[in-house]
Visitor: 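Provided herewith is a single structure, encoded as structure tokens, for subsequent inquiry.
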Number of protein chains: 4
Amino acid sequence: MAKGGKESLRLQILKAARKLLVKDGVQNVSMRKIAAVIGYTATSIYYHFKNKDELIHALIDEGHEIMVTQLNQIQEDLPADTDPVKRIEANMRGFVKFGLENPEYYEIMYMMHSQEVADLADERPGIAPKSVDLGIELYKKAYEAGLVRERDAEMTSASVAAMLHGYISMALLHRLDSRLDADKVLDDVIDCIMRGILLPN
Amino acid sequence: MAKGGKESLRLQILKAARKLLVKDGVQNVSMRKIAAVIGYTATSIYYHFKNKDELIHALIDEGHEIMVTQLNQIQEDLPADTDPVKRIEANMRGFVKFGLENPEYYEIMYMMHSQEVADLADERPGIAPKSVDLGIELYKKAYEAGLVRERDAEMTSASVAAMLHGYISMALLHRLDSRLDADKVLDDVIDCIMRGILLPN
Amino acid sequence: MAKGGKESLRLQILKAARKLLVKDGVQNVSMRKIAAVIGYTATSIYYHFKNKDELIHALIDEGHEIMVTQLNQIQEDLPADTDPVKRIEANMRGFVKFGLENPEYYEIMYMMHSQEVADLADERPGIAPKSVDLGIELYKKAYEAGLVRERDAEMTSASVAAMLHGYISMALLHRLDSRLDADKVLDDVIDCIMRGILLPN
Amino acid sequence: MAKGGKESLRLQILKAARKLLVKDGVQNVSMRKIAAVIGYTATSIYYHFKNKDELIHALIDEGHEIMVTQLNQIQEDLPADTDPVKRIEANMRGFVKFGLENPEYYEIMYMMHSQEVADLADERPGIAPKSVDLGIELYKKAYEAGLVRERDAEMTSASVAAMLHGYISMALLHRLDSRLDADKVLDDVIDCIMRGILLPN
DNA sequence: GATGAATGAGCGTTCATTCAT
DNA sequence: AATGAATGAACGCTCATTCAT
């Protein structure tokens, strides 16, 4: 209710939108609620964003940027001589980590209907282009090093992303069997994927 | 607009709800619209369902029943001497098939927020119990036959379900890279999972 | 603010809409204002009318019915042997009288943009069909009696309606020179029209 | 979006307002839209006009000036010895022409509610003073020449203006019977008025 | 077993306008 | 001479739900 201080209103809006997003899901984010959170009028949001769609897209873009930055950082932080397979696994774990730690971003990035976020799927082929590119690149290097099975890098990247997305979305929606340890399920998933991807021995 | 004849109103409501679900997505299903489809008043729905939530839950239950029936049927239709691994793969493909062919059910069963479908995850352990049980059972048999890696059947079942869910949900949300053949991605996913599960040779 | 008693809500809505119409013009009639006048919620209007457009159209239809009834009544009240020219003048004065006494109806019937009242002009050829027919009929009889100039009855009817509309709308919009007596201007207009229509002697 | 160059902003605003006026009708002209058209902020309009009302009034004044200029030009262009009756008809046709060709001006000059254009009718006597004066003057000359019926020139001018306005406004609102030729209806109207005004032979 | 009538909350959006700079 | 930032009021409309009948 209280105004957020010196932060630019645009940033406050995005922040509030994320906050609402993670609490209630996309469809429960409304201009009025955002306004209430930051202590402004709903009208004022329209000064900074053309409409709700543009606001959501701004969040999506933000999310992709953050994720790509994190994934790249992970690769940079690895020792220069890290073997390609380890890099792939690190990338996979980085993706999952981003999803679990940023449900508000992850949801709008990967869990919304295209119709809800106009033209998202139509404008961009597949998931976040840059993170996809990174995955493809890593696999290609692993293949050149003779470490993974001979297969289409684009295809493999898509498959792996889909499988990891399955774990992330089930975790975020609390659909994982509550009797199991979520971290162990993740280890199991990644273990399975790695084995499926690598050369037999 | 025309009343549906001798079908019980309860069934008509569920039918109409499914119809709207698959056309407009979950959140666009409203009591009004359902009523309009079947030619009754919105009020009359409340005679058969306490509220919207209960209606959605009825649909979810319907979905689970249909899915379990289909998955069991698939097992029954296999020759009695089919080896356990083949059975696992058949089960996996059956699950994916159900999701792709019944997006209206699949979405409310596995893609909605718990808040949207009140307490779903809290009340029931994990995903659809019976289909989970089937998966676990199949894996156990395969393990007893020495065909799959030694691992927790519950855990494996959860992992596999998550990974398959990833493919299904990405397909339903049109998030698969449009330059790839969706069927081939599915083959790739299943291939990967199988290899990850099976014993090395 | 107080509820209107036993009158059906539908009628109350229409009544309130007319009231607002005459006070503020069409564009200032809002669902909320109507609701406030009759002491109901804006929502309840939607139980009786699909949307604002349908409400306005209901008013338009009402207006046409009232006007046609009045014009027919005027003709009936004239002695059976009234000569056709007198009948024409009576009809003209009846039209003007209706307009001046029912500005709320007249405005939506004849002074709104077609885009404001969707497809009004497209669906119906010319002004209110039945009143137009009456005018045409009267003129034809006068022509057959050899009292008016030989001319197209439809055309004459349209011209006369336009000219009378000019007076009515200027009067309603307070655009008549305030130094003149409005009634005398009307007499002058009708005088002019009659002379223009009649045979020279 | 692009700024209009060296034209004074005041003129740009009026120009843009006219453009919107003719496209969308009076009530759809908003400060925001005007600003968007000329590439300035809505706020900047308030530097040049006290408020929207003043802006509209400026347009009305503009319209009157243009119309009077055109009507005077028409009279000047006639041969010096043109007879007064011909001059009256030319003036009438000039008025109609202006209305049909400048709907954006005509609408705000003669078709808006007084409340919409604050106090217009109260402050100024009748319609556009100068064009009224011209009409009166022309009639007086015709009367002095013994060509028109003995009548109050002010009154006649008002009547004629009203009748012509009827045609113009019906034409602009697309309320003329679409089965008739609009030009012929106009000829008919003017024919009728002339005959009503002139001396019998 | 179903309807008629109504509600209150909420939605995204647009508007004219203001005020400090 | 113009902008940036914001407001408060209003708009048409949809929603799940209730209650008396």
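In what follows, chains carry the letters A, B, and so on, assigned in the order in which the sequence lines appear, proteins first and then strands, with residues in each chain numbered from 1.
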Visitor: Could you say whether D/K33 or C/I45 is positioned toward the 5' end of DNA chain E, judged by the nucleotide with the nearest heavy atom to each?
Guide: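 Result: C/I45.
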Visitor: Mind checking side chain to side chain contact (heavy atoms under 4.5 Å, CB included) for C/E104 and listing every partner two or more places apart, or none if nothing turns up?
Guide: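 With sequence neighbours excluded, C/E104 shows a side chain to side chain contact (heavy atoms under 4.5 Å, CB included) to C/R18, C/L21, C/V22, C/N102, given in chain and number order.
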Visitor: To the nearest Å, give me how far apart CG (B/N28) and P (E/dG12) are.
Guide: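 Atom CG in B/N28 sits about 13 Å away from atom P in E/dG12.
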Visitor: Would you classify D/S30 as touching base, sugar-phosphate or nothing, given that sugar-phosphate means primed atoms plus P, OP1 and OP2, and contacts are heavy atoms under 4.0 Å?
Guide: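 Counting heavy atoms under 4.0 Å across all strands, the contact made by D/S30 is with sugar-phosphate only.
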Visitor: Output one line per pair: protein atom, nucleotide atom from nucleotides 17-21 of chain F, and distance, for all N/O pairs under 3.5 Å.
Guide:
unit_1	atom_1	unit_2	atom_2	d
F/dT17	OP2	B/Y46	OH	3.2
F/dT17	OP2	B/K52	N	3.0

Visitor: Given atom CG of C/L55 and atom P of F/dG12, what is their separation to the nearest angstrom?
Guide: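 So the CG-P distance, C/L55 to F/dG12, works out to 10 Å.
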Visitor: How close or far is atom P of E/dA5 from atom CD1 of C/I38, stated in whole angstroms?
Guide: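 Going from C/I38 (CD1) to E/dA5 (P), I get 14 Å.
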Visitor: Does any part of the side chain of C/I13, heavy atoms only, come nearer than 4.5 Å to the side chain of C/F49, both counted from C-beta?
Guide: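 When only atoms from C-beta onward are counted, C/I13 and C/F49 do touch, with a gap below 4.5 Å.
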Visitor: Check this one for me: any side-chain N or O of C/Y47 less than 4.0 Å away from OP1 or OP2 of E/dA5?
Guide: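 Yes, within the criterion.
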Visitor: What's the closest nucleotide to the side chain of D/T41 if the choices are F/dG4, E/dG8, E/dA2?
Guide: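 Closest nucleotide among those given: F/dG4.
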Visitor: Using Watson-Crick pairs (N1 to N3, plus N6-O4 or O6-N4) and G-U wobble pairs, both distances under 3.5 Å, which stems of at least 3 pairs involve DNA chain F?
Guide: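 DNA chain F stems, ordered by first number: E:2-21 with F:2-21.
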Visitor: Grab the CD1-P distance between D/I56 and E/dC15 for me, whole Å please.
Guide: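 So the two atoms are 13 Å apart, to the nearest Å.
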Visitor: For D/R32, which residues count as a side chain to side chain contact (heavy atoms under 4.5 Å, CB included) partner, sequence neighbours excluded?
Guide: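 Scan of D/R32 (side chain to side chain contact (heavy atoms under 4.5 Å, CB included), adjacent residues dropped) gives D/S30.
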